[in-house]
Peer 1: 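This structure is in structure tokens; I'll ask about it shortly.
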Amino acid sequence: MSQLTYAQAAMAGLSEEMRRDPRVWALGEDLGRGGVFGQYRGLQQEFGPQRVVDTPISESTIMGAAVGAAMVGTRPVVELRFADFALCAVDEMVNQAAKARFMFGGQARVPVTIRQPVGMWRSSAAQHSQSLEAWYVHIPGLVVVMPATPADNKGLLKASIRCDDPVIYMEHKDLWGLTGEVPDDADVTVPLGQARIARDGADVTVVTWSKMVHVSLSAAAELAKRGLSVEVVDLRTLWPWDRTAVLSSVAKTGRLIVVQEAVLTCGFGAEVAATVAEEMGGQLKAPVKRLGSPRAPISYSRPLEDRVRVTVDHIVDAALTLARA
Amino acid sequence: MSQLTYAQAAMAGLSEEMRRDPRVWALGEDLGRGGVFGQYRGLQQEFGPQRVVDTPISESTIMGAAVGAAMVGTRPVVELRFADFALCAVDEMVNQAAKARFMFGGQARVPVTIRQPVGMWRSSAAQHSQSLEAWYVHIPGLVVVMPATPADNKGLLKASIRCDDPVIYMEHKDLWGLTGEVPDDADVTVPLGQARIARDGADVTVVTWSKMVHVSLSAAAELAKRGLSVEVVDLRTLWPWDRTAVLSSVAKTGRLIVVQEAVLTCGFGAEVAATVAEEMGGQLKAPVKRLGSPRAPISYSRPLEDRVRVTVDHIVDAALTLARA
Amino acid sequence: MRDSKRLAAQYLTMRRIRAFEDRAETMARDGKVTGAVHASVGQEGIAVGVCANLLPSDKITTTHRGHGHCIAKGTSPRAMMLELFGKAGGTSGGKGGSMHIADFSVGMLGANGVVADGLPIAVGAAQGEKLLGRDTVVCCFFGDGATNRGPFMEALNWAAVYRLPVLFVCENNSYASTTRTETVTAGPGPSARAESLGVPAFSVDGNDVAAVDELAGRLVREIRAGAGPKFIEARTYRLHGHTAADAGAYRDAREVEERWTSDPIARCAAELRRLGVPDSDITAMDEAAEREMADAVAIALAAPWPDPRTAFTDVQDVGAPV
Amino acid sequence: MRDSKRLAAQYLTMRRIRAFEDRAETMARDGKVTGAVHASVGQEGIAVGVCANLLPSDKITTTHRGHGHCIAKGTSPRAMMLELFGKAGGTSGGKGGSMHIADFSVGMLGANGVVADGLPIAVGAAQGEKLLGRDTVVCCFFGDGATNRGPFMEALNWAAVYRLPVLFVCENNSYASTTRTETVTAGPGPSARAESLGVPAFSVDGNDVAAVDELAGRLVREIRAGAGPKFIEARTYRLHGHTAADAGAYRDAREVEERWTSDPIARCAAELRRLGVPDSDITAMDEAAEREMADAVAIALAAPWPDPRTAFTDVQDVGAPV
Ligand SMILES: Cc1ncc(C[n+]2csc(CCOP(=O)(O)OP(=O)(O)O)c2C)c(N)n1
Ligand SMILES: Cc1ncc(C[n+]2csc(CCOP(=O)(O)OP(=O)(O)O)c2C)c(N)n1
Ligand SMILES: [Mg+2]
Ligand SMILES: [Mg+2]
């Protein structure tokens, strides 16, 4: 175990995989200088400019080229910098990466890991703050991963690189500096599709992912003081998502809150809430509940930005309301 | 009233608006020749090549240019041909059209109508068949409209063109030839955000939109024979969606099925089902239920393609199961 | 002197493509083939002249109008016809149809329904091959209409920046669907765009298969030797409609008629005769091509549908639909 | 002989931009300005030389590095500074920040956080203006890095196809973030790309405000007269880091030092002196610029935050959040 930041953990995971498998390589803008968040620091020095490739500002081609390179047997790690800019490469993700294997009757494999940092991060405003995980969960062929901890950002990144499917890999920009214990063993990966019970509880289940795991844990601590026992489920992977973990937690608590940073409307929380309502509708102690941001672009100004954040208070209030229902 | 096809109705709506307001214009590939589905036939002859503009194959710029043209006071109608190709212009839709007004503190208005035909349509396979309405509902700033009938394809298109917000306007490719009564009056529009009760019923509410309205109506007819009274709510507009109509229908029936053609996972049906579960969880006679296509790309071959369609039988089965619950 | 054996082989391949597409179009009009069929009738010289210079290990990508490239690269027309019929045994098991034919066993990395999307994929394939230490050449076919899409420019720049072994082949048939491309294309044209992006460009009469063969042969050798990407602009004409359903009312009948006089197959036959190849040899090739494709159709008509459960296979390993 | 009054006015605008950005960077480092701040220090000659030739009714679009263009087009630096602080009264009411400044009242149609996205918007604005029968010129500023994105190419082709009144201004400062643009850009460069797309291109020393003024003046006149789009490649250098937080470790300190000797403001001052403008006039302008921006900062520091409820206003008319 080492104490690493979320960024360092990803770096460790990527460099281990690059050492282990010469077919793994990374491409994106400014990677040679360490990437925009320092999450590639030193990699070009170790692996050279052929395997840590500085690209032109050509998102469509960064993504399209990765698809081609994957189809001939390499395993590209694509850096798209911000989930917002990834929109410049959506066609290549959805129409090519996600569909190639199926469309060509199984002849193609597209083992690309597509990193697109998400989330609100000090006054980044409307074009540098989005969380669009729900979009990719809606697209057949894609795997969607959202690590919340340094350990997971190593283990899930490694698992994603080893996966033969295209993986949308969303790191949260507000977590880069978060430190935690990270396994040193290069063979340790975190399996895709398995949730983590971040906190055990009996009264209310909070299903969440990415940065909201930490906010939910704070809320759970606060609620414990008020006598409410909250179970926090960190989904880690949104597709496939761990239905078993969620359904069995809700079977225990009878109450579900889904907490996301993304816009509430048509977010991934809707999928979880709808599924639980479909499967367990009759057995719940209270109706399901979703928290997420209002359907507005994200503001620059601090007080405006804060206004759209899901906070500890929101979760506490929702949990208390549910418990009272 | 005239008997018009869904395509002709849209043509009538667009040409009326172009006559009414010289700031309205249309742009897209092959419009001069009538558009790929004939839905622009004759318009360039009437309005000239400056107002019905044949463009290069440059989706990013078709969309980006429309944003710029809207910001200076014109009202572009953008034709993107297939929702799948619209992915080549997602950045411009989401990062520019949807955000400009907000990001610029209310200085910009982006009154563009963005037509992107959706849906399965005889062996069009994975890159010409998608229905991605859920994506756009998730994006603040956008309005999302999906007409199911010729009358609505006139009235809603006119309302969309008159709307000062960017509107994602999704016509279903399998409906182009559908005929129906369409008002001749150029002043008649269909208000955005109001559902239509396509069929009254008492036992089960089916909430649906676009082509699935017709499939649901057939299912309702079949179910009537079996003694089940089904109310079919045609949402027409997915953002804003008519919560009042849905909630009051479900208040009456106590049972909800949401029927969509799109991939079920993270589809718009999840939003409707989750909302109803949140608001009425305790009062339902049976858990909510969603129908949609499996999370797989769409096949070319007929029997494979048919396998992913939501059919009358699926709806009938789901309704009977709910009624028995 | 031109090599008549090589040219005869190319003639045969062109004839096979033509025989395949003529039948594909008929079957589409008969409703046996359900999706859109985009025939390359009149453009076969480019597919054949270029692919004649590729090794089996070389790769290609193509577009919606890709039957010719597939056949020229070695894909089985029988499997292709099964695919067009959506039948079991098709190149994609019936999942793809005409616009998504692929045959990875011969280096055919897939046709594409999104205009210009094959270019970034091709440059990436070249980059991957280079990383794996192989001396593969990747050839990327696309139309004149595609040169107005951003990924065209990005991919050319990319190939030049990394000096990738890519041969770009622009089939300039003057049309993009119903639109005359020149009406929506500014500047001197595709070759000038390529040059401005650092990719040396060469123009050729695409209806002269021998000329294409010669130019492509030289460029493929240079590329394989490490010269970086090259660009061919092949002038040609789409003799049929945009799809089998398109009567082409937007073009003057005389324009089309005149262009038929430059049909690459007829021109190649004339050249073969000039080189002393007997008519009977030519006729024998014609008949072989027709027979092969008639068989392909018969087989496709008789073939079973794929198992409907395959609608859910080959989606993904992790989180596959159940 | 050069017009010293015109040049002096341009000097003042450059100085105002510099004084604005120096303070914006300091405030960013102090944590008073929270978002990313991209200063155009060293590039002011282009903004000023070009905008000097635009009418108030003309439009511009710009990028993340757009303060200079905004000020040169007439946006109030006070409102801009309020915006950077996220305070009430900011150009976007605090919703946008440095990267999303806009002032439609002076034809400033918005800065943009997505590289190259301003180009299609600009050509569309020109098309809209043309449709409305106005003789507006639209000027679009962007960097050298942007010339590798697809929309760059698409927009130039588009402008040429429809002969739109657009002046494209590429500020070639040799860098895109931490990357030397030439390492990821093939071919002869932006001007060649423009020419290949049918847009006549002109190169100019962007640090010579008078030269920019002269060239832009001629091109704007031609464009307004109906000559179609033109392209300026202005050579310059970004003297500061990519953002206020960027120390620029990827560049040699000597490289930067050397480029400071070509600072457009110092050069302009020297030219003014040569034209006989007294030092006291120059100093007076310097002081006025500093005073104006010191005031802007003081006002911004003291200003109230916007009403948090405005986080939900101006989203949309139909279906607005509640
Ligand atoms: C991104 C995208 N836009 C539009 C289309 C619709 N479309 C299919 S083929 C075609 C014309 C292509 O012209 P060209 O590239 O010259 O190829 P050709 O058909 O002439 O072989 C168009 C516009 C598409 N498939 N993809
Ligand atoms: C589509 C997109 N990709 C990447 C970025 C991140 N980014 C911001 S500025 C920049 C460099 C831009 O370089 P250039 O166009 O030369 O402008 P300059 O910063 O030099 O003014 C990059 C890559 C972005 N904003 N948008
Ligand atoms: Mg063509
Ligand atoms: Mg630059």
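Note that the coordinates shown come from a computational prediction; the quantities given were computed from them, not determined experimentally. First the proteins, then the strands, lettered A, B, ... as listed; each starts at 1.
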Peer 1: Which atoms of B:Pro294 are under 4.5 Å from chain C, going by heavy atoms: the side chain, the backbone, both sets, or neither?
Peer 2: side chain

Peer 1: Could you give the distance from CD (B:Glu29) to OG1 (C:Thr179), rounded to the nearest 0.5 Å?
Peer 2: 8.0 Å

Peer 1: Counting only heavy atoms from other residues, nucleotides and ligands, does the tally under 6.0 Å from CD of B:Gln45 exceed 12?
Peer 2: yes

Peer 1: Looking at chain C, which one of B:Ala125, B:Pro297, B:Pro303, B:Ala126 has the largest number of heavy-atom pairs inside 4.5 Å, strictly under?
Peer 2: B:Pro303

Peer 1: Between atom CG of C:Asp144 and atom CD1 of B:Ile57, what is the distance when rounded to the nearest 0.5 Å?
Peer 2: 8.0 Å

Peer 1: So which heavy atom on B:Ala296 is nearest to which on C:Phe312, and how close?
Peer 2: CB-CD2, 4.2 Å

Peer 1: If you count heavy-atom pairs under 4.5 Å between each of C:Asp246, C:Thr185, C:Asn112 and chain B, which one has the most?
Peer 2: C:Asn112

Peer 1: Look at C:Gln316, C:His100, C:His242 and state which one has the largest set of heavy-atom pairs under 4.5 Å with chain B.
Peer 2: C:His100

Peer 1: Contact between B:Arg295 and C:Val315 at the side-chain level, heavy atoms closer than 4.5 Å - yes or no?
Peer 2: no

Peer 1: If I compare all heavy atoms of B:Tyr300 with all of C:Thr34, which pair ends up nearest, and what's the gap?
Peer 2: OH-N, 3.7 Å

Peer 1: Look up atom OG in C:Ser92 and atom CG in B:Leu304, then write down how far apart they are to the nearest 0.5 Å.
Peer 2: 11.5 Å

Peer 1: Please report the closest heavy-atom contact between B:Asp30 and C:Ala176, naming both atoms and the distance.
Peer 2: OD1-O, 3.5 Å

Peer 1: Just wondering, do B:Cys88 and C:Arg149 contact through their side chains at under 4.5 Å, heavy atoms?
Peer 2: yes

Peer 1: Just so I know, are the side chains of B:Arg33 and C:Tyr250 near enough to count as touching, which here means a heavy-atom distance under 4.5 Å?
Peer 2: yes

Peer 1: I need the minimum non-hydrogen distance between B:Arg302 and C:Gly31, along with the two atoms involved.
Peer 2: NH2-O, 3.9 Å

Peer 1: Give, for atom CG of C:Leu82 and atom OG of B:Ser301, the distance between the pair rounded to the nearest 0.5 Å.
Peer 2: 11.0 Å

Peer 1: With only heavy atoms counted, which part of C:Asp307 is less than 4.5 Å from chain B, the side chain, the backbone, both or neither?
Peer 2: backbone

Peer 1: What part of B:Ser60 lies closer than 4.5 angstrom to a heavy atom of chain C: side chain, backbone, both or neither?
Peer 2: neither

Peer 1: Quick one, B:Gln127 and C:Met99 - any side-chain contact, counting heavy atoms below 4.5 Å?
Peer 2: no

Peer 1: Give me the atom names and distance for the closest heavy-atom approach of B:Ser58 to C:Asn148.
Peer 2: OG-O, 2.7 Å

Peer 1: What option among B:Arg122, B:Glu305, B:His128 has the most heavy-atom pairs under 4.5 Å with chain C?
Peer 2: B:His128

Peer 1: Going by heavy atoms in the side chains, are C:Val115 and B:Phe85 under 4.5 Å from each other?
Peer 2: no

